[in-house]
There are 2 protein chains.
Amino acid sequence: MILEAVRKSHAHPSAEQIYLEVRSRSPRISRGTVYRNLNLLSEMGEVRRLDMPGAERFDWRREDHYHLRCTVCNRVCDAPVAYQHALDQAVTEETGFRIQGHRMMFEGVCPRCAKKKQIPAADGECPAAGEEPDGERE
Amino acid sequence: MILEAVRKSHAHPSAEQIYLEVRSRSPRISRGTVYRNLNLLSEMGEVRRLDMPGAERFDWRREDHYHLRCTVCNRVCDAPVAYQHALDQAVTEETGFRIQGHRMMFEGVCPRCAKKKQIPAADGECPAAGEEPDGERE
DNA sequence: TTGTCTGCAAAATATTTGCAGGGAA
DNA sequence: TTCCCTGCAAATATTTTGCAGACAA
């Protein structure tokens with residue numbers, strides 16, 4: 001059920017958002033269970049974890065890909081750039097690390113925030129997908 | 001003094017590590033002051049902030065560059081890959097975001113952890129620089 | 001004096017964990 | 001019964017903040 005919640009929301013939700021979503025359908029669920037299962041799911045590779053300032057986010061997509069984050073409203077969407085396997089190879093050879101992969105996060109201001117010059121309310125979408133902003137960070 | 005501490009430690013220290021370092025020289029300093037000044041310094045661009053699971057890390061280098069993290073001991077070092085400005089350009093054009101830049105974090109197992117199969121003690125160095133491991137994460 | 005910065009402690013946020021109970025095998 | 005998973009609450013960990021005092025301009 002938690003896995004479904006992550007997969008259904010393509011908005012890279014935080015653990016708290018997933019908790020709220022699941023609770024709306026199963027009101028007795030606890031945060032502990034959500035965190036425990038998100039950890040399990042990410043270890044199993046069913047969901048992907050995004051390191052972000054403030055709180056982790058989760059991604060339903062299992063393939064390697066990059067992300068794009070608005071530094072104003074904190075919304076995250078997928079970046080239109082192909083994963084560069086060649087870099088992993090290069091770093092492996094140069095460092096001796098057993099490279100598992102890499103993460104890339106683009107940062108900038110989304111079109112909406114650029115216009116509004118203010119933190120937007122709580123709706124809206126990425127250039128090509130429905131996402132939910134946060135409106136938190138300064 | 002806090003800026004010096006970050007610059008002196010080329011090991012991408014956490015706020016706590018910086019606090020301990022500064023306190024060893026100025027025992028009356030408080031965590032609040034360290035956090036406040038790290039935030040100031042990163043806003044001024046004097047230090048760089050690294051988003052990591054668990055806790056933020058700080059980097060004295062001001063130029064754009066990538067990082068490499070051992071998923072076992074949690075040590076971080078600089079990655080031997082040049083920053084790809086072309087990607088920022090591409091994402092700007094494709095998304096309409098006002099791109100400020102991107103972060104890249106390679107992940108893998110460092111040579112020492114690969115050998116020891118265990119979390120190493122508290123010494124050691126990156127392939128080419130002295131760094132301090134964490135030995136925290138599972 | 002006025003404004004800025006600090007130490008201290010409490011608060012806020014995010015996540016993990018101990019424990020007893022419930023349900024499935 | 002046994003084992004695993006859950007809810008609940010307390011505990012951790014990290015970072016921020018309110019406040020009163022110290023220091024410099």
Side-chain angles (χ1 to χ4, degrees), chain A residues 1-6 9 11-44 46-59 69 71 73-76 105 119 122 132-138, chain B residues 1-6 9 11-44 46-59 69 71 73-74 76 119 122 132-138:
Chain A
M1 181 180 270
I2 291 172
L3 177 55
E4 274 178 32
V6 178
S9 166
H12 307 89
S14 65
E16 179 69 12
Q17 290 171 319
I18 293 163
Y19 165 66
L20 292 175
E21 161 63 25
V22 174
R23 197 184 55 170
S24 74
R25 240 178 307 176
S26 184
R28 301 194 50 69
I29 198 149
S30 71
R31 278 192 181 75
T33 299
V34 172
Y35 277 100
R36 267 184 293 235
N37 283 294
L38 285 174
N39 286 339
L40 276 179
L41 289 169
S42 68
E43 277 173 32
M44 298 189 313
E46 293 297 319
V47 303
R48 199 168 275 265
R49 193 186 285 272
L50 270 55
D51 299 336
M52 302 251 308
E56 304 272 318
R57 299 281 196 100
F58 295 87
D59 191 330
R69 156 177 168 255
T71 54
C73 66
N74 223 25
R75 177 173 24 253
V76 174
M105 175 73 75
I119 296 176
E132 279 173 25
D134 263 22
E136 290 171 9
R137 323 232 117 227
E138 87 275 33
Chain B
M1 181 180 271
I2 291 173
L3 177 54
E4 273 178 32
V6 179
S9 166
H12 307 88
S14 64
E16 179 70 15
Q17 290 172 319
I18 293 163
Y19 164 66
L20 292 175
E21 161 63 26
V22 174
R23 198 184 56 172
S24 76
R25 239 177 309 174
S26 184
R28 304 194 46 68
I29 197 144
S30 72
R31 279 191 181 77
T33 299
V34 172
Y35 277 99
R36 266 184 293 237
N37 283 294
L38 285 174
N39 285 340
L40 275 178
L41 289 169
S42 67
E43 277 173 31
M44 299 189 314
E46 294 297 320
V47 303
R48 198 169 275 263
R49 193 185 284 272
L50 269 55
D51 299 337
M52 302 250 309
E56 303 273 318
R57 300 281 197 100
F58 295 86
D59 190 330
R69 157 178 167 255
T71 53
C73 67
N74 224 23
V76 174
I119 296 176
E132 278 172 27
D134 262 22
E136 290 172 10
R137 321 235 118 227
E138 88 273 33

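All heavy atoms count here, side chains included; hydrogens, waters and symmetry mates do not. Throughout, protein chains are lettered first and strands after them, A, B, ... in sequence-line order, and every chain is numbered starting at 1. Note that the coordinates shown come from a computational prediction; the quantities given were computed from them, not determined experimentally.
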Self-check item: Per-nucleotide protein contact string for nucleotides 3-12 of chain D, where B marks a base within reach and S marks sugar-phosphate only (heavy atoms under 4.0 Å, - for neither)
Solution: ---SBB----
Quiz item: What pairs with A:R36 under side-chain contact (heavy atoms from CB on, under 4.5 Å), at least two apart in sequence or on another chain?
Solution: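 A:R36 satisfies side-chain contact (heavy atoms from CB on, under 4.5 Å) with A:T33 once adjacent residues are dropped.
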Quiz item: Can you list the residues that meet the side-chain contact (heavy atoms from CB on, under 4.5 Å) rule with B:L20, with sequence neighbours excluded?
Solution: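 Once residues adjacent in sequence are excluded, the partners of B:L20 under the side-chain contact (heavy atoms from CB on, under 4.5 Å) criterion are B:E16, B:R23.
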Quiz prompt | Donor-acceptor pair, side chain of B:Q17 and main chain of B:S14, under 3.5 angstrom | solution =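 Answer holds: yes.
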In whole Å, I'd like the distance from the [atom1] atom of [X] to the [atom2] atom of [N].
| X | N | atom1 | atom2 | value |
| --- | --- | --- | --- | --- |
| B:R49 | D:dT16 | CZ | C1' | 12 Å |
| B:Y19 | C:dT6 | OH | P | 14 Å |
| A:Y35 | C:dG18 | OH | P | 18 Å |
| B:E16 | D:dT16 | CD | P | 14 Å |
| B:L41 | D:dT15 | CG | C1' | 16 Å |
| B:R23 | C:dG7 | CZ | P | 12 Å |
| A:E43 | C:dT16 | CD | C1' | 13 Å |

Quiz item: So does A:N39 get a side-chain nitrogen or oxygen closer than 4.0 Å to the phosphate oxygens (OP1/OP2) of C:dT15?
Solution: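 Negative; the distance criterion is not met.
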Self-check item: Partners meeting side chain to side chain donor-acceptor pair (under 3.5 Å) with A:R25 (sequence neighbours left out)
Solution: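 Once residues adjacent in sequence are excluded, the partners of A:R25 under the side chain to side chain donor-acceptor pair (under 3.5 Å) criterion are A:E21.
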Quiz prompt | Residues which pass side chain to side chain donor-acceptor pair (under 3.5 Å) with A:S42, listed by chain and number, not counting sequence neighbours | solution =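 If we apply the side chain to side chain donor-acceptor pair (under 3.5 Å) test to A:S42, skipping adjacent residues, the hits are A:R49.
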Quiz item: Less than 4.5 Å apart, any side-chain heavy atom of B:M52 and any of B:R69?
Solution: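 Sidechains of B:R69 and B:M52: in contact.
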Exercise. Under 4.0 Å between any heavy atoms, over every strand shown, what does A:E56 touch: base, sugar-phosphate, or nothing? Just pick one.
Key: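 Result for A:E56 = sugar-phosphate.
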Between the protein and nucleotides 23-25 of chain D, list every N/O to N/O distance that falls short of 3.5 Å.
none

